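Remarks on the structure that follows.
What you see is a predicted model, and the numbers here were worked out from it, not measured in a lab. Per chain, numbering begins at 1; letters A, B, ... match sequence-line order. Computed over heavy atoms, backbone and side chain alike; hydrogens, waters and symmetry mates excluded.
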Amino acid sequence: MSSKPSIPKGTRDFSTEEMQRREYIFDTIRQVFRLYGYQPIETPALENLSTLLGKYGDEGDKLLFRILNSGDYLSDVSMEELLKRDSGKLSSRICEKGLRYDLTVPFARYVVQHRDEIVFPFKRYQIQPVWRADRPQKGRYREFFQCDVDVIGSDSLLNEYELVRIIDDIFSRLHISIITKINNRKILSGIAEYIGEGSRITDITVAIDKLDKIGIDSVNAELREKGVSIEAINKLQPLLSFKGDSDEKLSKLEELLSLSVTGLKGIAEVRTLFSYLGQAEMKGKVELDLTLARGLNYYTGAIIEVKSTDVSIGSICGGGRYDNLAGVFGMEGVSGVGVSFGADRIYDVLKQLDLFDDTSISSSEVLIVNFGESETSYALSVIELLRKLSIRSELYPDPVKLKKQISYADSKKIPFLIIAGADEIQNNCVTIKNMTSGDQEKVSLNELRSYAEKNFKISR
RNA sequence: GUGGAUGUAGUUCAGUCGGUUAGAACGUCGGAUUGUGGUUCCGAAGGUCGUGGGUUCGAAUCCCAUCUUCCACCCCA
């Protein structure tokens, strides 16, 4: 009966080592968010399904984890409904809550719900797990952490600029080289208008989003399958094969889309954004990518996606501007823009590139050897002193063999050992062993404080 | 949700055609060394062969189901 315990598919335990690395990622991201003036909020893991459903398209609705009502959840369901076995309908009768699917929709809900308390423009960040009932793969989990930054209540393109700047700042601090791809939903609308298929923008963008992956012929085949006319597809071809830098692409676009008000507006927005970015000292590359569409149907302006140049793992950060999201919750005319960092994928990238600095992940700076009852009070006075100096220290809890205590320090990468046995106590000193070099020296209690301040790392 | 691969000690992996007691390396633990780790030497422990059924005199090996992980779609961080 006692089978090994396990955790649900696509979820993970994080070891102490992994957590220290993850916290390094979260800390880096959080520091940068704060540096740019964003403030944290949190929202519940559970949302009402009415908040979540219909915001991510049909596909998204399928991937929502639904939570069974508590108590006698079938009490209101008739036998007739049960016998119909319509699981879609039935689930809406017996589930009224779901796990959040991303942080943007709960944020929109938060903004609408707290509109009277919020000072606009509202700059917030949010670092929390989200859940998707997706089939797991590498870099794809059912529970994963997103780190969102958004500013809501401002139309200014300075916000887009700021987000791209944050992206560059974070990834350069993490030493990940990236390419930030930028597009604009208005340009995509313009293109759809230009080829005479204005109403099919979603089908068109989803298809051309795959250009990189499946090639131009397959994209055209998919468009035809979706019912886009051959004439329109032919008209689209030159746009898909634009060459040159972002400026050149924009100029060519401007000619082609000269009759589309929306398209021209998108071009102007991208131009402005690139002119801001031109003044910044950026580490990573930024480019206009007309094939960047992204699935989410709420983007209305800028679309942003970040990829690692060294590891292929899908996007590690993505986002854009959404004018209508708060409108879904009854608050019109409030525009927002934001991006989301995928902490778990960033972890995978750092891991694969061997970029974690594991030298700083020891639990303690100093281990004090435990010799037994009669030496304990001496050891305790030493550890009190060290901790007062903000030096991470631990006393080995059991008086086991010295060999064992030293190998404990070794395997936990603790850099210093303090040995205080009968000899040291008699001479009012301690023996300090440097675990890296193997050297050891005697230091008197009087000098311990200055020795510690000089040689031991102080924890923040 | 569709299609395909995978699973053997804590870890990475061997395991012949279905045949006796399932092996190795690393790691762990003990000893050589009663106050000195990371090197060396000696020794030991550790397995329901993912799980459940089936075929067979006999199954890690063949068949079915199921779960996990991974891959390609779909979609996405």
Donor-acceptor pair under 3.5 Å, A/Arg132 side chain vs B/C76 base: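 Under the 3.5 Å cut-off, the side chain and the base do not form any donor-acceptor pair.
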Please classify the nucleic acid contact of [X] as base, sugar-phosphate, or nothing, using heavy-atom distances under 4.0 Å.
X	answer
A/Gly139	base
A/Tyr141	base
A/Gly421	base
A/Cys147	nothing
A/Thr104	nothing
A/Glu375	nothing
A/Ala343	nothing
A/Ile419	base
A/Gly372	nothing

Is [N] paired to anything, Watson-Crick or G-U wobble with both distances less than 3.5 Å, and if yes, which nucleotide?
N	result
B/A45	none
B/U2	B/A72
B/C26	B/G10

Between [options], which nucleotide gets closest to the side-chain atoms of [X]?
X	options	value
A/Lys401	B/C71, B/G31, B/C75	B/G31
A/Phe144	B/G38, B/A77, B/C71	B/A77
A/Pro136	B/U69, B/A77, B/C75	B/U69
A/Gln440	B/G35, B/U36, B/A77	B/U36
A/Ile406	B/G37, B/A77, B/G35	B/G37

Span that lies between the P atom of B/G38 and that of B/C29, in whole angstrom: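 Pairwise P distance, B/C29 against B/G38, rounds to 11 Å.
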Spacing of the C1' atoms in B/G1 and B/A60 (rounded, Å):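 The same atom, C1', in both gives a distance of 33 Å.
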If you compare every side-chain N and O of [X] against the phosphate oxygens of [N] (OP1, OP2), does one of them come in below 4.0 Å?
X	N	value
A/Lys433	B/G35	no
A/Lys9	B/U68	yes
A/Lys210	B/C75	yes

Specify the separation, in whole Å, of atom [atom1] of [X] and atom [atom2] of [N].
X	N	atom1	atom2	answer
A/Asp410	B/U36	CG	C1'	11 Å
A/Arg135	B/A5	CZ	C1'	12 Å
A/Asp209	B/C73	CG	P	13 Å
A/Lys403	B/C29	NZ	P	10 Å
A/Glu143	B/U69	CD	P	13 Å
A/Asp61	B/G1	CG	C1'	14 Å

Toward the 5' end of RNA chain B, by each residue's nearest nucleotide, A/Gly438 or A/Lys62: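 Per heavy-atom nearest nucleotide, the more 5' residue is A/Lys62.
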Geometric cation-pi criterion A/Arg22 and A/Phe14, 6.0 Å radius, 45° cone: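 The answer is yes; both the distance and angle limits are met.
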Ring-face cation of A/Arg124 near A/Phe107 (centre distance under 6.0 Å, axis angle within 45°):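 Verdict for A/Phe107: a cation-pi partner in A/Arg124.
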Electrostatic pair A/Glu162:A/Lys123 at N-O distance under 4.0 angstrom: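 The answer is yes: the pair qualifies as a salt bridge.
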Side chains of A/Arg34 and A/Tyr125, donor plus acceptor under 3.5 Å: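 A/Tyr125 and A/Arg34 do have a side-chain donor-acceptor pair below 3.5 Å.
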No-hydrogen, no-angle side-chain donor-acceptor test under 3.5 Å, A/Gln126 and A/Asp148: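 Side-chain D/A pair, A/Gln126 to A/Asp148: absent.
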Polar side-chain atom of A/Ser364 near backbone of A/Leu367 as donor-acceptor pair, under 3.5 Å: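 Judged by distance alone, no pair lies under 3.5 Å.
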A/Asp58 CG: over 12 foreign heavy atoms closer than 6.0 Å: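 Atom CG in A/Asp58 is not packed in, count stays at 12 or less.
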